[in-house]
Amino acid sequence: MTVNVMPSKVLIIGGGDGGTILANRLVRKVPDRVEVEVIDRSDLHWYQPGFLFVAVGEAEKEDITRPRRRLYRKRVRFTKGEVERIDLDDRKVRLKGGEERTYDYLVIATGSTLNYEEIPGFKEAVNHMWTFDDAKKLFNRLMGFKGGKLVVGVGGLTYKCPVAPLEIAFLADEFLRIRGVREKTEIKYVSPLERPYPPRLLSKVMVENMEERGIEPVTYFTVDEIDPERKEVRSMEGDSLKYDLLILTPPHRGADVVIKSGIGDDEGWIPVDRYFLNVKGYDDAYAVGDATALPTPKTGVVAHFQASTVADNIAYEIMGESKRVMFDGQSFCLIEMGRGVASAQVSNYYYKDAPGLIPSRVLHLAKLAMNRIYWTCILSGNI
Amino acid sequence: MTDVSPTISIDARGISCPGPLTNLIKAYRKAKNGDVIEVLATDPGFKSDVKAWVERTGNELISLAEEGGVIRALIRVTAR
């Protein structure tokens with residue numbers, strides 16, 4: 001087996017948690033054998049699970065952001081720039097302004113983009129917390145809410161963080177109770193599926209908690225269009241609901257550069273090998289995190305485990321070792337439920353009925369701890 | 001067996017709940033009346049989920065069969 005002596009050029013597009021963890025882990029594993037560059041259009045890194053806490057006034061921008069450059073190990077080069085084109089056949093990446101990069105290994109970690117157009121009326125009518133600005137706006141709406149009809153739940157069907165709509169339903173309930181307007185508020189939770197919380201084992205617990213808090217599940221309600229004038233949301237099943245405040249998941253799609261480069265499916269998600277994450281048809285290009293077309297949840301924890309898998313396998317290949325590790329589809333989502341408790345959902349490629357953990361204070365504390373250790377233990381690529 | 005040919009095919013094999021049904025609903029969003037959607041799934045819960053969904057949405061379940069661990073549902077879109 002031959003071992004390369006020249007450092008391998010590893011180019012990572014996207015500096016979210018997947019890109020950052022991958023870069024740091026790779027330079028830790030094989031510091032003298034790689035030149036790692038991360039390109040991202042922003043020099044600020046957002047801890048996106050923090051948007052939930054912004055929406056209920058428990059976090060501010062400084063709690064959930066860090067300058068990107070401070071998050072990388074010394075050997076990682078960070079470039080602020082926008083990638084315009086990815087050419088997998090020629091192993092070339094073009095940046096806005098005309099600059100080009102070549103690579104030995106490419107990792108596409110471009111995440112997902114909001115796609116309001118999919119649901120007519122969405123942009124005008126809906127509050128959500130999938131960006132910092134939107135989370136702030138939602139906080140202001142909740143602060144000013146005087147009671148009425150709150151409709152919350154699943155709007156767009158492909159969205160980041162599957163448990164987020166349920167979390168904001170529970171937290172909004174608690175927030176409005178504290179503000180003293182909950183008795184004047186009716187909360188309905190909409191879902192296109194048979195169960196408001198789909199995984200069967202934890203579903204019963206979630207429905208019981210919703211009942212206890214007076215949150216009414218409205219199932220088989222697939223949001224089709226919203227009429228901001230009449231304050232009405234209509235479903236494909238032919239039902240409609242009036243609202244005074246509407247909180248729904250925004251539809252997502254893949255990044256523009258993926259779509260423009262013709263390497264995604266019809267929604268811009270990149271087909272990859274489910275175990276090794278290489279872009280189908282290529283052995284020198286990978287995708288991790290939200291960017292992939294895998295059936296795993298679009299969450300930070302999945303991006304984390306995928307990034308570790310790809311980093312380790314690139315390191316093994318560079319070292320000339322035949323060992324490889326596989327991604328098993330694993331996800332672990334802590335579900336914040338208000339009242340000082342959280343539950344958790346576990347899933348992977350193999351469980352037919354994905355297990356869940358019942359609500360407890362320990363899991364709530366774990367969620368709060370994650371808000372902090374993300375910046376140190378997680379992004380460093382150490383674990 | 002039926003000889004109705006699907007106009008839209010979804011391969012949701014290896015995807016756990018609620019993936020197969022979510023993919024069906026995403027296809028349904030883009031479908032028109034007369035389309036026939038085929039879903040292949042391995043999640044055992046999909047059988048009861050798809051039956052309930054078709055009943056609730058007023059579409060037509062042409063067939064629902066399982067062979068070698070793969071569930072195949074054919075749905076005619078009639079309620080768009």
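Just so you know, these numbers use all the heavy atoms, side chains as well, and skip hydrogens, waters and symmetry mates. In this text, all values refer to a predicted model and were calculated from it rather than measured experimentally. Throughout, protein chains are lettered first and strands after them, A, B, ... in sequence-line order, and every chain is numbered starting at 1.
- Pairs passing the ring pair (Phe, Tyr, Trp, His ring centres under 6.0 Å) check and including a residue from residues 4-26 of chain B, sequence neighbours excluded, do not occur.
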Donor-acceptor table for chain B and chain A, threshold 3.5 Å:
unit_1: B:Lys26; atom_1: NZ; unit_2: A:Thr158; atom_2: OG1; d: 2.5
unit_1: B:Lys26; atom_1: NZ; unit_2: A:Glu267; atom_2: OE1; d: 3.2
unit_1: B:Arg29; atom_1: NH1; unit_2: A:Val223; atom_2: O; d: 2.9
unit_1: B:Arg29; atom_1: NH2; unit_2: A:Val223; atom_2: O; d: 3.4
unit_1: B:Gly45; atom_1: O; unit_2: A:Arg200; atom_2: NH2; d: 3.3
unit_1: B:Asp49; atom_1: OD2; unit_2: A:Arg200; atom_2: NH2; d: 3.3
unit_1: B:Arg56; atom_1: NH2; unit_2: A:Asp239; atom_2: OD2; d: 2.8

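- The ring pair (Phe, Tyr, Trp, His ring centres under 6.0 Å) contacts involving residues 57-80 of chain B comprise nothing, where partners must be two or more places apart or lie in separate chains.
- Within a 6.0 Å sphere centred on CD1 of A:Ile358, heavy atoms belonging to other residues, nucleotides or ligands number 12 at most.
- Each of B:Gly45, B:Gly14, B:Ala12, B:Gly58 has some count of heavy-atom pairs under 4.5 Å with chain A, and the biggest count is that of B:Gly45.
- Taking all atoms of both residues into account, the shortest heavy-atom contact from A:Pro192 to B:Ile25 is O-CD1, 3.7 Å.
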